[in-house]
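Encoded as structure tokens, the structure appears first; notes follow it.
Lettering of chains follows the sequences in order, A, B, ..., and the numbering in each one begins at 1. It should be emphasised that the depicted structure is a prediction, and the values quoted were computed from it without experimental measurement.
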2 protein chains.
Amino acid sequence: MLTQTLNTQAINTQVRGKIAPAHPPAHPVSDQFGAITGHAGLVATEFSYRKDEEIYGEDEPAEYVYQVVSGAVRSYKLLSDGRRQIGAFHLPGDVFGLESGPTHRLAAEAIIDTHVRLVKRASLEKAAGTDVLVARKLWAMTAGELRHAEDHMLLLGRKTAMERVATFLLEMDRRLAVAGMMALPMCRRDIGDYLGLTLETVSRALSQLHAQGILGFSGARQIVLRNRARLHHLDA
Amino acid sequence: MLTQTLNTQAINTQVRGKIAPAHPPAHPVSDQFGAITGHAGLVATEFSYRKDEEIYGEDEPAEYVYQVVSGAVRSYKLLSDGRRQIGAFHLPGDVFGLESGPTHRLAAEAIIDTHVRLVKRASLEKAAGTDVLVARKLWAMTAGELRHAEDHMLLLGRKTAMERVATFLLEMDRRLAVAGMMALPMCRRDIGDYLGLTLETVSRALSQLHAQGILGFSGARQIVLRNRARLHHLDA
DNA sequence: CGTCCTATTGAATAACTTCAAACCCGGTGG
DNA sequence: CCACCGGGTTTGAAGTTATTCAATAGGACG
């Protein structure tokens with residue numbers, strides 16, 4: 001597939017190794033899969049998805065649990081008329097698709113060409129049934145997702161457009177900044193659908209932050225934060 | 001305390017029994033505490049909170065896990081300037097305050113006079129460490145909260161005011177309707193802070209639904225749904 | 001070097017909020 | 001028993017924020 005070779009980020013990561021991107025995120029990834037697979041001797045498979053390819057659909061049976069090796073994934077829900085709410089972005093190291101019940105409650109798509117590792121949900125269930133530490137880890141991962149969702153409800157329900165964009169920039173800075181610069185894998189529409197805004201409103205907020213010198217661009221998706229303190233202040 | 005006897009809902013439930021309200025909600029409550037305490041022989045204490053009393057604060061150590069016996073509880077986050085997002089309402093039978101980590105990430109307050117049962121978090125942790133079924137149940141409860149949060153993100157990020165109110169009414173109808181009527185324990189401001197709207201917008205939406213004959217009032221907080229199909233249609 | 005997709009910017013519009021006043025009802029006290 | 005509070009709710013009018021519709025600009029890639 002030529003499309004894969006078009007994405008330099010995916011190539012680089014794949015060439016370098018199994019999981020860790022070239023520059024490990026500041027965020028504590030600590031190999032969440034390893035904590036499980038190491039313990040229970042589970043078999044992890046690798047797989048790739050092309051840009052915009054669906055990984056699983058909403059309400060599909062949850063057969064696998066995934067970890068992003070390289071690339072990026074969006075998890076989302078749709079309304080009948082096409083309005084979309086992205087609940088989370090999954091970046092290298094992140095686990096996604098983990099369910100306690102039988103089905104995926106959000107759909108997942110690759111934002112860019114993406115490599116994942118995956119294990120069968122059933123084998124995790126089995127491991128959790130015999131190993132209390134595995135069970136504890138699964139709970140902790142779901143609880144981590146819940147915390148993010150709770151923070152995001154506050155953003156969606158009560159923050160202004162500028163506050164939402166500021167929060168987003170700080171989150172992405174924390175999760176994927178390399179040498180003070182972040183390479184956003186997602187487009188403005190994705191950001192808008194994550195923040196409950198239109199793509200135009202996101203663009204206007206970013207332009208305003210740029211005009212105030214709070215951030216710098218080198219291409220629309222390459223952003224440098226020049227003043228995190230002011231961004232925190234805008235975050236409310 | 002006279003205040004307690006003023007709330008008929010609380011009285012009725014307390015008189016009838018420990019947990020189940022007179023008319024069990026369609027929603028599967030199935031005594032979530034019992035599934036744990038029965039298994040591990042944990043000691044549950046009872047406690048009461050008066051209207052608007054704080055049960056725990058945001059970021060407080062999570063010492064207990066609670067179950068509503070009667071009354072109602074709101075879980076919420078605040079921004080520094082006082083804007084509030086209610087993440088969930090907890091009604092009789094619901095478990096709340098369950099954390100995988102060390103602290104409560106939302107604050108909780110009694111909406112009306114409320115009775116709870118509670119168990120020490122540490123004893124649950126201990127039980128989960130020896131009994132895989134308990135561990136599995138705790139995970140499932142957190143996963144249930146996550147599902148609700150994911151649905152609510154869609155509402156907060158992408159639904160219109162009318163759609164939000166319609167969703168709210170259907171949720172409350174499902175969870176606390178008795179003989180086709182629901183007695184809302186919370187005020188319009190609470191509803192607004194749950195739906196990411198102002199109390200005035202909530203009131204206007206309810207008035208409009210009333211004018212269209214979709215619901216009936218007998219007092220501002222006693223609502224009868226007269227046409228669930230049309231409400232579902234408005235929900236998008 | 002052109003093409004296509006994405007992003008930016010502008011202007012008009014719509015939805016919701018804000019501010020304000022009136023109303024309603026449950027509870028209190030005369 | 002009734003009048004009166006007072007918090008909560010409804011309704012109205014003006015204002016604000018974000019959306020929508022439209023056009024231009026920018027970049028990556030062939």
Side-chain angles (χ1 to χ4, degrees), chain A residues 2-11 51-52 81-84 111-113 155-166 183-211 215-223 234 236, chain B residues 1-9 51-52 81-85 111-113 155-165 183-193 195-211 215-223 234 236:
Chain A
L2 244 194
T3 43
Q4 289 191 352
T5 65
L6 298 179
N7 187 278
T8 55
Q9 193 171 351
I11 292 171
K51 177 171 153 61
D52 295 324
D81 63 357
R83 281 174 287 172
R84 182 179 65 161
I111 295 173
I112 54 179
D113 291 349
L155 177 149
L156 293 170
R158 288 303 180 217
K159 289 188 184 182
T160 66
M162 184 55 82
E163 288 165 351
R164 294 181 201 204
V165 171
L184 297 177
M186 72 289 286
C187 66
R188 297 291 187 265
R189 178 176 296 279
D190 286 341
I191 299 171
D193 285 351
Y194 180 58
L195 299 179
L197 300 170
T198 60
L199 65 93
E200 292 94 333
T201 299
V202 171
S203 179
R204 280 184 245 273
L206 291 173
S207 295
Q208 195 179 328
L209 292 171
H210 186 219
L215 59 80
F217 283 111
S218 46
R221 299 189 191 182
Q222 294 272 336
I223 297 180
L234 289 176
Chain B
M1 282 299 147
L2 243 192
T3 44
Q4 290 189 351
T5 65
L6 297 179
N7 187 277
T8 56
Q9 190 172 355
K51 177 170 152 58
D52 296 326
D81 63 356
R83 280 173 288 173
R84 183 179 66 161
Q85 179 62 44
I111 296 173
I112 55 180
D113 291 348
L155 178 149
L156 293 170
R158 288 302 178 218
K159 289 187 182 179
T160 66
M162 184 55 81
E163 288 165 350
R164 293 180 202 204
V165 171
L184 297 176
M186 72 290 284
C187 66
R188 297 291 187 265
R189 178 176 297 278
D190 287 340
I191 300 172
D193 285 352
L195 299 180
L197 301 170
T198 61
L199 65 94
E200 292 94 334
T201 300
V202 171
S203 178
R204 280 183 246 271
L206 290 174
S207 295
Q208 196 178 328
L209 292 172
H210 186 219
L215 59 80
F217 284 112
S218 46
R221 298 189 191 182
Q222 295 272 336
I223 297 180
L234 289 176

Rounded interatomic separation in angstrom, taking [atom1] from [X] and [atom2] from [N]:
{"X": "B:I112", "N": "C:dG27", "atom1": "CD1", "atom2": "P", "result": "13 Å"}
{"X": "B:H210", "N": "C:dC24", "atom1": "NE2", "atom2": "P", "result": "13 Å"}
{"X": "B:L209", "N": "D:dT10", "atom1": "CG", "atom2": "P", "result": "12 Å"}
{"X": "B:R164", "N": "C:dT17", "atom1": "CZ", "atom2": "C1'", "result": "13 Å"}
{"X": "B:Q222", "N": "C:dC25", "atom1": "CD", "atom2": "P", "result": "13 Å"}
{"X": "B:I191", "N": "D:dT9", "atom1": "CD1", "atom2": "C1'", "result": "11 Å"}

Within the sub-3.5 Å range, which N or O atoms of nucleotides 17-22 of chain D have a protein N or O partner, and how far apart are they?
residue : atom : partner : partner atom : Å
D:dA18  : OP1  : A:A161  : N            : 2.7
D:dT19  : OP1  : A:T198  : N            : 3.4
D:dT19  : OP2  : A:T198  : N            : 3.3
D:dT19  : OP2  : A:T198  : OG1          : 3.1
D:dT19  : OP2  : A:T201  : OG1          : 2.3
D:dT20  : O4   : A:R204  : NH2          : 2.7
D:dC21  : N4   : A:E200  : OE2          : 3.2

Set of residues satisfying salt bridge (Lys or Arg N to Asp or Glu O under 4.0 Å) with respect to [X], sequence neighbours excluded:
{"X": "A:R204", "result": "none"}
{"X": "A:E200", "result": "none"}
{"X": "B:K51", "result": "none"}

Based on the rotation axes of five pairs at each end, what angle does the helix from C:dC1-D:dG30 to C:dG30-D:dC1 bend through, to 10°?
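End axes: 30° apart.
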side-chain hydrogen bond (donor to acceptor under 3.5 Å, both in side chains) with [X]: which residues, sequence neighbours excluded?
{"X": "B:T160", "answer": "B:E163"}
{"X": "A:R84", "answer": "A:D190, A:D193"}
{"X": "B:S203", "answer": "none"}

Taking every heavy atom of B:Q85 against every heavy atom of A:G157, the minimum-distance pair comes out as OE1-CA, 3.3 Å
Are any of the side-chain heavy atoms of [X] and [Y] separated by less than 4.5 Å?
{"X": "B:R221", "Y": "B:C187", "answer": "yes"}
{"X": "B:R188", "Y": "B:L206", "answer": "yes"}
{"X": "B:M162", "Y": "B:L209", "answer": "yes"}

So which protein nitrogen or oxygen atoms get under 3.5 Å of nucleotides 5-7 of chain C's nitrogens or oxygens?
residue : atom : partner : partner atom : Å
C:dT6   : O3'  : A:R221  : NH2          : 3.3
C:dA7   : OP1  : A:R221  : NE           : 3.0
C:dA7   : OP1  : A:R221  : NH2          : 3.3
C:dA7   : OP2  : A:R188  : N            : 3.0

For B:R189 and B:L199, indicate whether the former's side chain and the latter's backbone hold a donor-acceptor pair under 3.5 Å.
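Checking the backbone N and O of B:L199 against the side chain of B:R189, no donor-acceptor pair under 3.5 Å is found.
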